2 protein chains.
Amino acid sequence: MEDVVTTLRRFNRSYTQRIGVLDDSFLGSGRPLGPSRLLFEIGPDGAGVLDLRARLGLDSGYLSRLLRQLEAEGVVTVTSDPDDARRRVGTLTDHGLGEWSALDRKSDELAERLVAPLSERQRQQLGEALATADRLLRAATMSFDAVDPESADAIWALEQYFAELDRRFPTGFDPGNALRGDAPSYRSPNGVFVVVHSDGEPAACGGVQRIDETTCEIKRMWVRAEWRGVGLGRRLLDHLEQRCRELGGARVVLDTNSVLTEAISMYERAGFRSTECYNDNPYALRWFEKQLS
Amino acid sequence: MEDVVTTLRRFNRSYTQRIGVLDDSFLGSGRPLGPSRLLFEIGPDGAGVLDLRARLGLDSGYLSRLLRQLEAEGVVTVTSDPDDARRRVGTLTDHGLGEWSALDRKSDELAERLVAPLSERQRQQLGEALATADRLLRAATMSFDAVDPESADAIWALEQYFAELDRRFPTGFDPGNALRGDAPSYRSPNGVFVVVHSDGEPAACGGVQRIDETTCEIKRMWVRAEWRGVGLGRRLLDHLEQRCRELGGARVVLDTNSVLTEAISMYERAGFRSTECYNDNPYALRWFEKQLS
DNA sequence: CCTAATCTCTGACTAAAGTCAGAGAAGCAT
DNA sequence: ATGCTTCTCTGACTTTAGTCAGAGATTAGG
């Protein structure tokens, strides 16, 4: 069995040679790759310039110029962001929307032409293989970001987590004022709140707080449903353990509820051992600890 | 189940965003992408300039300049091709070989880093998915080329075919002078010989010759062992049928031997029906025909 | 209010990635 | 030998894809 690095490199070489045709949809449009990519990325919903910079990896000066160009061509409108006048928002004109659709259609056609020689069964196999590869490569390229516990992403993730607990606990779950009240616990110097991002979208979260001289507690671990099954929970757990070490913790504890069976399984596999009740959390039925080396 | 075009386009977008890191192996080498790609493509075995042009899609003028640049840097040597003094061959100097190795190693490291967050099982899954996708995309992008039956690729493919028949026939197979003697039959205006290429390498072959006013015969159909299982035989058969139509045939015939069971299966699935013996081929035991619409 | 940070824009510029025309040499067929 | 095709190379040039500096406006925090 060949190793994945070799396979990946071979695939990459072969794929980029072939898939250039998908990236050629701008040809014939009278517009080079850069402005075409930008037009496509603005899309029917429009996009903030700061976001476009991040997504396309472009310098603000260059992006500004490209936008001016597209404006001059009558395909894009640039306005100030109502929430922050320093920022700009790009939207497509009607003409721009027509050009966007033409690009989209052409890309569809090019992709269709690429797979046309394959039988129906092969197309299905290809689709499945690509979906698997996509999922795993996305899973491999997530970023683990320490964020403020009251930031938009943190709030959103916690709301999802609490809603799930409410659904799964027999008597429901009432977070009370945990969202805002507990926030300081997860800020420096005695805590941290981590959101895992995939393409800028929150995929998981978890918090660590120091509870005494040698002990840290992991709380609020949650993985978005669509990202379960790719080992993200385990990686987040490992990451949070490392955060505990960085906070000076020699031991890490956590509590959980018996209905969260897959989480308990994961903790045990990660070396957590049952321990005595260490807090008065009304929803906790199991308590775990682990010595950090 | 989502369709493969949508999946492919999504994969493409996500993949090209991430895989840019693999293409960054030239960074820090003091050399931009173009010359780095060329150096890599010349490789430890060297390469002909005409071949490099095809592979990299570059203008001869620009390629000449890049080679001059690499020569000046002492990493490449350019000499005339001994077989044709108009052509050039590029080879790596010892210094160039060192730089090639460094590039190769760095690409390995970047790929390794990309998949590092995945578990062993996930890496295996990713490898399998990529291998499947690679294989199918390669299968989808083969070229069906009419070639001279005495060209190098045609000769090579036929030699492989004959060797396989020799192995599979109980009493062996002796082609006699078929290689050269039959060649005129597969040339315009009454015949054609097709080699299927994948990345410039022969993957399959087959010939069509007109045998009377309304009938063409398909012969010499062969698929390379490593390309079996992706429907290439069937596509070649369809292609050769089309070639028959282009030669004015309303009916197509072929002969085969009973031990070639998978071929017989394919013909039957493709609408060929058993017919009476139409020739004196000592190795043929089954004869098929099909009306072309 | 003040200060620092953030975002966009414009001036000025560079490097990279090429294209096209045409010349010279080599190869092939008649 | 002649004429045509093929390949590379050089001159001359253009477009694309940017980078960096710094100014002006806005926002946030103390």
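Note that the coordinates shown come from a computational prediction; the quantities given were computed from them, not determined experimentally. Sequence lines set the chain letters: A, B, ... in the order given, protein chains first and strands last, and positions in each chain run from 1. Side chains included, hydrogens not; waters and symmetry mates left out as well; all remaining heavy atoms used.
Toward the 5' end of DNA chain D, the nearer of the two residues Pro35(A) and Gly61(A), judged by each one's closest nucleotide, is Pro35(A). Closest-nucleotide positions on DNA chain D for Gly34(A) and Ser60(A) were compared, and the one nearer the 5' end corresponds to Gly34(A).
Partner of Gln209(A) under the side chain to side chain donor-acceptor pair (under 3.5 Å) criterion, out of Arg187(A), Glu217(A), Lys219(A): Glu217(A) alone.
Within the 4.0 angstrom heavy-atom criterion, base atoms lie near Asp59(B). Residue Leu33(B) is classed as a sugar-phosphate contact, given heavy-atom separations below 4.0 Å to backbone atoms only.
Rounded to an integer number of Å, the gap from Leu38(A) CG to dT16(D) P is 15 Å. Rounded to whole angstrom, the span from the CG atom of Leu67(B) across to the P atom of dT10(D) amounts to 11 Å. What separates CG of Leu70(A) from C1' of dT16(D) is a distance of 14 Å, to the nearest Å. Note: CD (Glu150(A)) to P (dA28(D)) measures 16 Å, nearest angstrom. The separation between Leu56(B) atom CG and dG18(C) atom P is 10 Å, rounded to whole Å. In this structure, Leu58(B) places its CG atom 10 Å from P of dA17(C), rounding to the nearest Å. At whole-Å resolution of the value, CG in Leu66(B) and P in dA17(C) are 8 Å apart. One interatomic measurement links the two molecules: CZ of Arg68(B) to C1' of dA16(C), which rounds to 19 Å at whole-angstrom precision.
The side chain of Leu50(A) lies closest to dC7(C) when the candidates are dC7(C), dA12(C), dT27(D). Side-chain proximity of Arg86(B) to dG27(C), dA17(D), dG18(C): nearest is dG27(C). Out of dG18(D), dC9(D), dG18(C), the shortest distance to the side chain of Tyr62(B) is found at dG18(C). Distance from the side chain of Arg87(A) is smallest to dC7(C) among dT19(D), dT19(C), dC7(C). You'll find that the side chain of Pro32(A) is closest to dT16(D), out of dT10(C), dT10(D), dT16(D). Checked against dC9(C), dT8(C), dT8(D), the side chain of Arg53(A) finds its nearest nucleotide in dT8(C). When each of dT8(D), dA26(C), dG18(D) is scored by its nearest atom to the side-chain atoms of Arg65(A), the top-ranked nucleotide is dG18(D).
By the 30° and 60° cut-offs, the orientation of the rings of Phe144(A) relative to His239(A) is tilted.
Looking at Ser64(B), its side chain never comes within 3.5 Å of a backbone N or O of Ser60(B) through a donor-acceptor pair.
For the pair Ile42(B) and Gly90(B), the tightest heavy-atom approach, listed with the atom from each and the gap, is CG2-O, 3.4 Å.
Taking 4.0 Å as the cut-off between side-chain N and carboxylate O, Glu201(A) and Arg138(A) do not count as a salt-bridged pair.
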